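For the numbers below, each heavy atom of this structure counts, side chains included, while hydrogens, waters and symmetry mates do not. Position 1 is the first residue of the sequence, and the numbers go up from there. From a predicted model like this one, the values you see are computed outputs, not experimental measurements.
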Amino acid sequence: MDHGTERDTSHGRPAGRGAPPPDPVTGRVPLAVVVVDRDGLVSHWSSGARRLFRLPRQEAVGRPAPDLLPVTGVLPGTADDDAAYDAYADYDGLGPGLESSLDGRLSYPAAGRARLTVPAARRVDVLWWAYPLVGPGPERLLVLAADAEGLRGDRADGGAGAASAERIAPGFALHTDFPGAEELARRLPEILPSMSVGESARIVAQVLELGYPVLEFSQSDRVPVTPDWGVPRRAERKARRERAARALAAGEPVPDDLRDEAEDAEDLEYAAVRERLEFLNEVSGRIGTSLDLARTIGEVSRAVVPRFTDVAGTYLREQVVAGEGFPDGVPDTTTMWHRVALEHTDEPGRWDDVVPVGEAMPFPAHTPFFQCMTSGEPVLVPRVTEEMGHAVASQFEKRDIRPLSTGRSMLLVPLKARQVVLGFMILLRHPERPVFNDMDRVTGAELAARAGLVLDNARMYTYQENVAETLQDSMLPHIPDRMAGCDIATRYLPGTLLGRVGGDWFDAVKLPGARTALVVGDVMGHGLNSAAMMGQLRTAVQTMAGLDLPPAQLLRKLDDLAQRLGDTHLATCLYAVYDPVAGELHLANAGHIPPVLVRAADGGSELIDLPTGAPIGVGGVPFESVRVPVEPGDRLVMCTDGLVEMRGEDIGVGLATLCESAAHPAASMDDACDTVIRALGARGGRKDDVALLMTRLRGVEPDAVAEWRLALDPAEAGRARAAVREQLHDWGLGKQAAAAELLVGELVTNALRHSRTRPVVLRLVRADTLLCEVDDDDHELPALKAAGPLDEAGRGLRVVSTLAREWGASRTRTGKTVWCELTLPRR
């Protein structure tokens with residue numbers, strides 16, 4: 001601080017009220033710094049502590065803290081407290097508060113004075129402050145102490161001795177002999193919980209510049225922890241204010257001491273209000289740092305412990321936790337409340353078994369909890385009596401919660417948003433800490449109002465995310481892991497934008513001839529409109545794939561459809577048809593990034609060179625297709641640009657990384673997908689959603705395919721059944737022969753009946769299933785019919801539907817294909 005500069009001590013109040021405030025007095029006193037770990041042992045003993053207590057560091061570090069501080073002191077609030085400053089009565093122990101702080105019984109800041117007996121029979125009068133350290137690390141307690149000798153007397157020079165001991169604020173500095181001092185200095189705003197962040201930062205900056213520990217005090221500063229001996233007792237202040245009020249009411253002059261006392265009390269009340277506002281502002285800055293509901297719940301609970309309370313339990317309504325939208329109506333005795341967070345300063349594990357996080361329970365009407373949740377107002381219980389403790393404990397079967405609640409002060413605050421109670425917080429203070437009062441009730445209500453707003457924002461975001469993810473999931477297909485001649489694995493990663501709804505999609509469609517259509521597309525843009533457009537295009541691709549259109553022709557018709565739907569959206573699309581019998585890929589591209597082909601022979605990977613084409617929706621642009629021969633074991637990798645594109649980076653870098661990661665050996669298709677995602681996700685900066693489809697092209701061996709051409713003669717149905725029976729026996733599938741004969745007989749009979757000029761083609765493909773296909777030149781697809789008892793037709797497809805694992809029909813360029821599958825035993 002700048003010495004010699006006067007600071008206004010009126011705190012912004014109008015002048016003219018009595019005598020002008022005194023000039024602030026400032027000074028510096030050497031400060032002893034002692035850090036106590038969680039085992040009660042001294043872990044740091046500063047040079048100031050060595051000078052004050054006359055004990056070298058090597059003799060102090062590692063020893064129990066109570067053994068190093070033999071104290072005689074005075075009990076605050078006793079007759080001895082009113083005696084002269086030099087007069088001490090004997091007190092066996094470490095002094096009230098300090099003893100409890102050192103052995104861990106106090107979990108909140110405390111302060112006081114004590115007389116220490118140090119080596120060489122010297123007694124030192126000290127002022128001390130104890131601050132519990134909250135957070136990770138072995139340190140538990142920070143004890144600051146200063147020689148009170150420097151504060152005695154009335155020095156005319158306005159130095160340290162003239163400072164009022166009523167306003168004392170300890171500051172902490174870096175010490176070259178303390179490795180952890182820098183971290184503690186950064187945590188000063190948490191160590192001094194009643195001090196504003198700005199004031200704490202100013203003290204840290206000042207002390208760092210000076211380079212040694214100081215004790216800063218001023219007549220105009222509010223202290224973080226006020227020693228009980230430094231402020232007139234509350235009862236005396238109240239009595240003096242009442243006497244001053246009676247004098248004013250009677251028209252009598254108010255004595256100067258009473259007037260000063262009233263003004264001092266007003267100053268204290270103003271400081272207390274300011275402190276509460278600073279606390280609320282600090283809490284507001286610590287909560288709501290994200291829209292994640294779970295993280296927000298944790299922030300709200302941690303913000304009040306231990307500064308405002310020693311235990312904070314947060315309960316939310318079931319609908320809020322489940323992300324099902326805004327809860328309706330006033331809670332009642334059937335409303336389920338989920339315990340979503342619990343913060344406390346007790347020993348670890350004390351609360352975990354009795355009131356575990358995640359438990360759901362209702363609350364009966366006679367409890368204060370029910371009163372809080374139904375009225376929407378805070379409920380203050382100064383002390384939980386044994387009777388009330390028993391009533392609360394009755395809600396917990398086979399668990400005795402009375403030791404955790406009885407005798408403590410309790411404040412219940414509702415978490416509200418738009419006048420609806422979303423949840424509530426149970427705040428408890430230890431019995432030795434001051435009880436909650438009316439000001440705490442007001443503070444708690446304001447805290448809950450701010451927390452309720454933050455939780456509601458997180459709840460709405462979670463709800464919107466759930467809706468968006470449900471919509472996205474409903475639009476994406478559920479592709480089987482194995483299809484005819486190929487294994488498939490997929491990944492979809494939502495973008496980082498709000499709502500996470502995008503236009504990326506993938507699909508796999510079963511085609512005649514044991515072929516599979518593979519498609520990946522990306523509607524440009526984000527949001528519900530893009531997702532809706534994606535759904536329409538994906539449905540259109542499925543429909544046109546069922547017509548067995550060539551890839552280039554399918555993209556042409558998809559572009560025409562997009563033109564009819566409107567020109568507000570463009571989309572890229574990559575369409576590939578895999579023929580496992582012929583061992584080739586037939587591909588066409590509409591403005592999409594090229595696929596990667598990983599060769600099984602040498603493990604190499606390459607981008608398939610094919611015409612890029614224009615995006616779907618541009619209109620009037622031709623599309624071209626290419627055929628690429630493939631071998632069994634090759635892998636095809638198709639993805640959207642969100643996986644390889646990154647702002648500020650050439651897309652070629654992403655494509656090169658895609659090729660490299662796709663070629664990495666993997667134990668399974670899922671592992672291969674994860675390898676690609678990790679490699680490209682490690683670059684960071686991804687904002688777009690990602691669709692990835694990876695296919696292992698297993699192929700079908702030539703001897704696993706059998707085909708017959710049947711003349712348009714009804715007698716050919718019998719020959720077809722005999723041929724199928726013989727082929728299945730050759731394949732070692734004699735157990736499936738009877739069912740296959742029956743299915744083939746029905747399909748061939750229907751084809752012979754409806755075919756016009758071209759022969760009927762029967763094909764058997766032995767892959768993961770036994771595929772039976774029958775082709776004819778009739779374009780009318782068969783359909784199931786409700787056949788009556790006297791009808792001669794309509795029963796064939798019912799037999800097929802009953803016996804087959806799956807069946808279907810699709811149009812081809814020359815007619816149609818009707819197919820069915822039978823399950824084969826695992827090899």
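D713 is linked by a salt bridge (Lys or Arg N to Asp or Glu O under 4.0 Å) to nothing, counting only residues two or more places apart in sequence or in another chain. Qualifying side-chain contact (heavy atoms from CB on, under 4.5 Å) partners for A720, counting only residues two or more places apart in sequence or in other chains: L710, V744, V748, L762. R719 is linked by a salt bridge (Lys or Arg N to Asp or Glu O under 4.0 Å) to E716, counting only residues two or more places apart in sequence or in another chain. A739 is linked by a side-chain contact (heavy atoms from CB on, under 4.5 Å) to L822, counting only residues two or more places apart in sequence or in another chain. Applying the side-chain contact (heavy atoms from CB on, under 4.5 Å) test to I651 and every residue at least two apart in sequence or in another chain returns I593, V644, E645, L655. Under the rule for a salt bridge (Lys or Arg N to Asp or Glu O under 4.0 Å), the partners of R696 that lie at least two apart in sequence or sit in another chain are D487. Shown here are the side-chain contact (heavy atoms from CB on, under 4.5 Å) partners of L781, two or more places apart in sequence or in another chain: A809, R811, K816. With sequence neighbours excluded, no residue forms a side-chain hydrogen bond (donor to acceptor under 3.5 Å, both in side chains) with E726. By the salt bridge (Lys or Arg N to Asp or Glu O under 4.0 Å) test, E707 is found to be paired with R763, residues two or more places apart in sequence or in another chain being considered.
Between the side chain of S755 and the main chain of L752, no donor-acceptor pair closer than 3.5 Å is present.
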Sequence neighbours left out, cut at 3.5 Å: what donor-acceptor pairs do the side chains of residues 511-518 make with other protein atoms?
from: R515; atom 1: NE; to: P512; atom 2: O; distance (Å): 2.8
from: R515; atom 1: NH1; to: D548; atom 2: OD1; distance (Å): 3.3
from: R515; atom 1: NH2; to: P512; atom 2: O; distance (Å): 3.3
from: R515; atom 1: NH2; to: D548; atom 2: OD1; distance (Å): 2.8
from: R515; atom 1: NH2; to: D548; atom 2: OD2; distance (Å): 2.7

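F506 is not listed as a side-chain neighbour of L692, based on a closest heavy-atom distance of 4.5 Å or more. Two residues are said to be in side-chain contact when any heavy atoms from C-beta on lie closer than 4.5 Å; M694 and R635 meet this criterion. Proximity of L565 to Q563: side-chain heavy atoms (C-beta onward) are nowhere separated by under 4.5 Å.
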- Task: Starting from the C-alpha separation in whole Å, work towards a yes-or-no answer on side-chain contact (heavy atoms from CB on, under 4.5 Å) for V800 and T802.
- Result: CA-CA 5 Å; V800 174; T802 302; over 6 Å; no
- Task: Test side-chain contact (heavy atoms from CB on, under 4.5 Å) on Y578 and T695 and set out the steps.
- Result: CA-CA 10 Å; Y578 172 53; T695 310; 5.6 Å; no
- In sequence, state the C-alpha distance, the side-chain angles, and the governing distance for R698 and D768, and then conclude on salt bridge (charged side-chain N to carboxylate O under 4.0 Å, His left out). CA-CA 11 Å; R698 290 186 289 107; D768 298 324; 2.7 Å; yes
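Sequence neighbours left out, the pairs with a member in residues 599-615 that pass side chain to side chain donor-acceptor pair (under 3.5 Å) are R599-D634. Screening residues 737-750 for side chain to side chain donor-acceptor pair (under 3.5 Å) gives R725-E741 as the qualifying pairs, with residues at least two apart or on separate chains.
Residues Y492 and D689 have side chains that bring a donor and an acceptor to within less than 3.5 angstrom of each other. Looking only at atom types and distance, the side chain of T757 has a donor-acceptor partner in the side chain of D777 under 3.5 Å away.
Between V621 and A614, the closest heavy-atom pair is CG1-CB, 3.6 Å.
Here D674 pairs with R491 in a salt bridge; the nearest charged N to carboxylate O distance falls below 4.0 Å. Taking the charged nitrogens against the carboxylate oxygens, D560 and K557 have no contact shorter than 4.0 Å, which rules out a salt bridge. Ion pairing between E806 and K510 holds under the 4.0 Å rule for side-chain N and carboxylate O.
With W731 as the aromatic partner, R766 meets the cation-pi criteria of under 6.0 angstrom to the ring centre and within 45 degrees of the ring axis.
Going from atom OG1 of T490 over to atom CD1 of I479 covers 5.5 Å, rounded to the nearest 0.5 Å.
For the side-chain contact (heavy atoms from CB on, under 4.5 Å) test with P480, the passing option among H478, M483, R482 is M483; the others fail.
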